[in-house]
Protein chains: 4
Amino acid sequence: MARGVNKAILIGNLGRDPEIQNFDKGVKKASFSLATTETYRNREGQEMEQTEWHNIILWRGLAEIAEKFLRKGSQVYIEGRIRNRSYEKDGQKRYITEIEGDTLNLLGSRQSNDSSSYQENQPSAQPAPPPVQEPEDDLPF
Amino acid sequence: MARGVNKAILIGNLGRDPEIQNFDKGVKKASFSLATTETYRNREGQEMEQTEWHNIILWRGLAEIAEKFLRKGSQVYIEGRIRNRSYEKDGQKRYITEIEGDTLNLLGSRQSNDSSSYQENQPSAQPAPPPVQEPEDDLPF
Amino acid sequence: MARGVNKAILIGNLGRDPEIQNFDKGVKKASFSLATTETYRNREGQEMEQTEWHNIILWRGLAEIAEKFLRKGSQVYIEGRIRNRSYEKDGQKRYITEIEGDTLNLLGSRQSNDSSSYQENQPSAQPAPPPVQEPEDDLPF
Amino acid sequence: MARGVNKAILIGNLGRDPEIQNFDKGVKKASFSLATTETYRNREGQEMEQTEWHNIILWRGLAEIAEKFLRKGSQVYIEGRIRNRSYEKDGQKRYITEIEGDTLNLLGSRQSNDSSSYQENQPSAQPAPPPVQEPEDDLPF
DNA sequence: TTTT
DNA sequence: TTTT
């Protein structure tokens, strides 16, 4: 039974152009590193900076958006799940943590395209379509 | 073009049983008030408590889950969008803010059903299905 | 006892310059409307757009940042709490929902100032300062 | 300059009792694994389940709460930052991803203590204290 | 009232 | 109107 929530919310900048992989049946995958930089004051009152690098992966439609619009330095909002994977390298088992994005927003762009936001798999119900024949004076509470 | 994020994340308890409305074509709507209570210390160091009441609405599948499993007092996690609506009452225009949930988790329950978590409209891609024929040594970064 | 979470996460654009109020003891308050615009496809496959307007309020340090750096049109990330207030107007009780921000990020700006992100009241512990004398080989799990 | 957001939001269950470490000056650290389980339907319509295990660390006050109240199986809400660390083991550099929590909620508990929610370092300003002498009819927008 |  |  599911009682879980596994959510990452990130705003940061791409360290490199996305790397694109194409699989069977037109399935596309985009991978890139995302730097999230936070500032804080230390005990001496100095402004400090801390950057984390996240491994981002995007699939299918989001990967296509990434391929078209994201470049090194792009500032994005990404919402997704934290995934832990293992793989073999040099006969050793290695572990990697990735953020599998399901929402992507390109931030701060002044471009004229219509694709700076995208969310997976919510075609018609987002926002929820109004129900048929709700009476005008039907208050919801 | 969308560059927006509109997200509410709530954990609280229902003040009443959900109210259910049925519309055409089997569309169901659930409405209820949700209390989120936070504690904090005031300037005198006293433990204080602050409760907010939120108007929650759920549609379709989530409304069915609410009807079946949520009751007065139930503790839930809800993720959704903040919506502002207006309506007429007594010849006056009134405004109401609602949270339209798209994810619902029933918390703390020890029941054995399989419905304590539910998310709208992400049938096959959540989590993203693995691509066909990804080679084993294909590292993603 | 608190078992609650009351969180709003917004990315949008200011509809107007922030309105600033100054209170006793140097307490400052900033208020503005924030538009969050989402796009989605309707049942006919057309690209649709939905904008919500949120009433944002910021206090103290965040209000100062807002006064200095936010203008009509600015794109910001805001994290905060949903607050419902009532007030009297024309002898009628009115209700208003506001988002009281505790984190503010100015997005998409290429300016060279050091104030585009700010979080309330987490002076030294964010990120948590490393503990004293943690041994180098001290693995955390 | 900070333009970043690095946030994890998790609801899950502890795989083991928290492990507690005590450092100089009374600094305490709690570590545990947290399982977040999600369900989804696969392409054949079968109910599937996916569990991720997260390495959680909590410092100071949150570590004390964890030590007192969290046990194997406890259901918790954790909000925090994603941190990537490296360390040496067997002469090899290893990487680990941890969630450093700054908010902790014990969920679903029916116990009578007053400590099921806790947030770091926001002593007096959360929620923001009302400003002094705000006039009663002072509308915020 | 914003933005694209 | 909830919960502890």
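The chains referred to below are lettered A, B, ... by the order of the sequence lines, with proteins before strands, and numbering in each begins at 1.
Considering only the side chain of B/S33, F/dT1 comes nearest among E/dT2, F/dT1, F/dT3. Nearest to the side-chain atoms of B/R16 among the listed nucleotides E/dT1, E/dT2, F/dT1 stands F/dT1. Checking F/dT2, F/dT1, E/dT2 against every side-chain atom of B/T51, the shortest atom distance belongs to F/dT2.
For the side chain to side chain contact (heavy atoms under 4.5 Å, CB included) test, residues two or more places apart in sequence or in another chain that qualify with B/T97 are B/I82, B/N84, C/T97.
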Can you give me every donor-acceptor pair (side chain of residues 8-16 of chain B, partner residue at least two apart or in another chain, under 3.5 Å) with its distance?
| residue | atom | partner | partner atom | Å |
| --- | --- | --- | --- | --- |
| B/N13 | OD1 | C/R3 | NH2 | 3.0 |

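For A/L107 and E/dT3, the CG to P distance is 16 Å, given to the nearest whole Å. Atom NE2 in C/H54 sits about 11 Å away from atom C1' in E/dT2, given to the nearest Å. Note: CG (C/N13) to C1' (E/dT1) measures 11 Å, nearest angstrom. F/dT2 atom C1' lies 15 Å from atom CG of D/N105, rounded to whole Å. One atom, CG of A/L106, and another, P of E/dT3, lie 17 Å apart when rounded to the nearest Å. The CG atom of B/L14 sits 11 Å away from the C1' atom of F/dT3 (whole-angstrom rounding). One interatomic measurement links the two molecules: CG of B/N6 to C1' of E/dT2, which rounds to 14 Å at whole-angstrom precision. Regarding C/I99, its CD1 atom lies at a distance of 20 Å from the P atom of E/dT2, rounded to whole Å.
Residue contacts shown for B/S74 are absent, as no nucleic acid heavy atom lies under 4.0 Å away. Among the heavy atoms of the strands, none lies under 4.0 Å from B/T36.
Within the 4.5 Å cutoff, the side chain of D/L70 has no heavy atoms near those of the D/D17 side chain. Counting heavy atoms from C-beta on, the side chains of C/E88 and C/K93 come closer than 4.5 Å.
Defined by atom type and a distance below 3.5 Å, a donor-acceptor pair is present between the side-chain atoms of A/E79 and A/Y77.
Ring-base stacking between B/W53 and F/dT1 is satisfied, the centre separation being under 5.5 Å and the plane angle under 30°.
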